[in-house]
Amino acid sequence: MHKLSMEELGRPSLEQYKNTPKLPVVVVLDNVRSALNVGSVFRTCDAFKISQIILCGITATPPNNEIRKTAIGAEQSVDYRYFKSTVQAVETLKSEGYKIIAVEQAEESVSLQDLKIENGQKTALVLGNEVKGVDDSVMTLCQQCVEIPQFGTKHSLNVSVSAGIVIWEVFNKYQK
């Protein structure tokens, strides 16, 4: 078996990637404490052509050495905006026509595999703080909630892992 080189992978340059059409999906990070998690989310968003990351509250923003460490340059390829308040970010996204979906364990959550996305629908995925999850004031603004099925003893996944799972599933739904 031969491991592919960077040249064989045929990845676009930063300029080419910036001009590549993206999915009508944004990822909202609600007060994510770890800049390393933020960098990981940037890298995942780059991999699956997410149009933008919305960084809110205490969430670190580029330039930041810890973001750079895990993003490995994706903080340059993925567009982002910063809002002091996640509530303000979500209200802005709603006014821009996005369907707001919390990634959270809640009474009315839909299992990730059952999530339905209409063709061309603009979607915002809200991921919460590593300890508290998505803030209650933000949850009340969300139009839907999606939950990742889990079968072990722990009640949650790391936010960057959750982002990867949900983004992959949403990417696949847009490809159909």
Side-chain angles (χ1 to χ4, degrees), residues 22-60 66-67 69-72 74-75 77-80 83 86-87 89-91 93-94 96-176:
K22 309 296 186 296
L23 297 181
V25 176
V26 299
V27 171
V28 179
L29 298 183
D30 176 23
N31 290 295
V32 171
R33 297 178 313 165
S34 167
L36 295 171
N37 282 335
V38 174
S40 291
V41 173
F42 265 97
R43 194 163 162 191
T44 301
C45 288
D46 172 276
F48 299 107
K49 301 189 295 183
I50 301 301
S51 65
Q52 189 175 97
I53 298 178
I54 309 295
L55 307 168
C56 304
I58 65 168
T59 305
E66 287 189 328
I67 290 174
K69 182 185 280 187
T70 52
I72 310 177
E75 76 280 13
S77 61
V78 178
D79 292 338
Y80 70 91
F83 287 83
T86 308
V87 167
V90 167
E91 288 173 343
L93 290 167
K94 275 184 159 181
E96 294 172 356
Y98 283 87
K99 180 176 182 180
I100 313 299
I101 302 174
V103 178
E104 188 59 85
Q105 297 165 330
E107 287 178 4
E108 298 175 28
S109 65
V110 172
S111 188
L112 179 58
Q113 68 269 18
D114 297 328
L115 177 66
K116 304 281 189 254
I117 297 181
E118 295 174 27
N119 190 23
Q121 173 182 307
K122 292 168 69 174
T123 304
L125 303 168
V126 182
L127 292 121
N129 175 277
E130 292 91 337
V131 175
K132 298 177 182 177
V134 178
D135 190 88
D136 289 339
S137 63
V138 175
M139 287 292 291
T140 63
L141 298 172
C142 294
Q143 294 146 308
Q144 190 172 11
C145 186
V146 68
E147 184 173 341
I148 301 167
Q150 298 174 57
F151 307 99
T153 61
K154 299 301 171 191
H155 73 279
S156 67
L157 297 165
N158 176 279
V159 66
S160 68
V161 172
S162 293
I165 293 168
V166 173
I167 290 168
W168 169 247
E169 184 69 21
V170 168
F171 174 83
N172 283 318
K173 289 179 187 298
Y174 274 97
Q175 300 309 302
K176 292 181 179 175

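- Going from atom CD of Q144 over to atom NZ of K116 covers 10.0 Å, rounded to the nearest 0.5 Å.
- C145 contributes atom SG, which lies 9.5 Å from atom CD1 of I101 (distance to the nearest 0.5 angstrom).
- Counting only distance, with no hydrogens or angles, the side chain of K122 and the backbone of E96 share a donor-acceptor pair below 3.5 Å.
- Environment of CD in E108: sparse, with no more than 12 heavy atoms of neighbouring residues, nucleotides or ligands closer than 6.0 Å.
- Remark: the backbone N or O of N31 is paired with a side-chain donor or acceptor of T59 at under 3.5 angstrom.
- At a threshold of 4.5 Å between non-hydrogen side-chain atoms, the residues I54 and V27 do not count as touching.
- In this structure, NZ in K69 is found 12.5 Å from CD1 in I67, a value given to the nearest 0.5 Å.
- Within the model, atoms OG of S156 and CD of E104 stand 9.0 Å from one another, a figure rounded to the nearest 0.5 Å.
- Distance check: T123 OG1 to E118 CD gives 9.0 Å after rounding to the nearest 0.5 Å.
- Residues S40 and S160 approach most closely at CB-CB, 3.6 Å, considering heavy atoms.
- For the pair Q143 and I100, the tightest heavy-atom approach, listed with the atom from each and the gap, is OE1-N, 2.5 Å.
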Might you work through the side chain to side chain contact (heavy atoms under 4.5 Å, CB included) test for E130 and V32, ending with a clear yes or no? CA-CA 6 Å; E130 292 91 337; V32 171; 3.1 Å; yes
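- The side-chain contact (heavy atoms from CB on, under 4.5 Å) test with L127 is passed by exactly one of V159, V41, N37: V159.
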If you apply the rule side chain to side chain contact (heavy atoms under 4.5 Å, CB included), what do you find for L115 with K173, and how did you get there? CA-CA 9 Å; L115 177 66; K173 289 179 187 298; 3.9 Å; yes
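- Across A74 and D46, no two heavy atoms sit closer than the pair CB-CB, 3.8 Å.
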Taking it one step at a time, do L23 and I50 satisfy side chain to side chain contact (heavy atoms under 4.5 Å, CB included)? CA-CA 5 Å; L23 297 181; I50 301 301; 4.3 Å; yes
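- S162 is listed as a side-chain neighbour of I148, based on a closest heavy-atom distance under 4.5 Å.
- Under the side-chain contact (heavy atoms from CB on, under 4.5 Å) test applied with V28, the options V134, L125, T86 reduce to a single match, T86.
- Taking both residues in full, the closest heavy atoms of R33 and I58 are given as CG-CD1, 3.8 Å, listed atom of the first, atom of the second, then distance.
- When side chains are defined from C-beta on, S51 does not count as touching D79, because their heavy atoms never get closer than 4.5 Å.
- Of the possible donor and acceptor atoms, one in the side chain of T70 sits under 3.5 Å from a partner among the backbone N and O of L36.
- Applying the side-chain hydrogen bond (donor to acceptor under 3.5 Å, both in side chains) criterion to Q52, with sequence neighbours excluded, gives R81.
- Side chains of D135 and N129 form no contact here, defined as non-hydrogen atoms less than 4.5 Å apart.
- Atoms NZ and OG, from K22 and S77 in turn, are 8.0 Å apart once rounded to the nearest 0.5 Å.
- The neighbour count for D114 CG, taken as heavy atoms of other residues, nucleotides or ligands under 6.0 Å away, is above 12.
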Apply side chain to side chain contact (heavy atoms under 4.5 Å, CB included) to residues C45 and I167 and explain how you reach the verdict. CA-CA 8 Å; C45 288; I167 290 168; 3.9 Å; yes
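- Annotation for A124 and Y98: closest pair N-CD2, 4.0 Å, computed over non-hydrogen atoms.
- The two residues F48 and F171 have their closest heavy-atom pair at O-CD1, 3.5 Å.
- Within a 6.0 Å sphere centred on CD of Q175, other residues, nucleotides and ligands contribute more than 12 heavy atoms.
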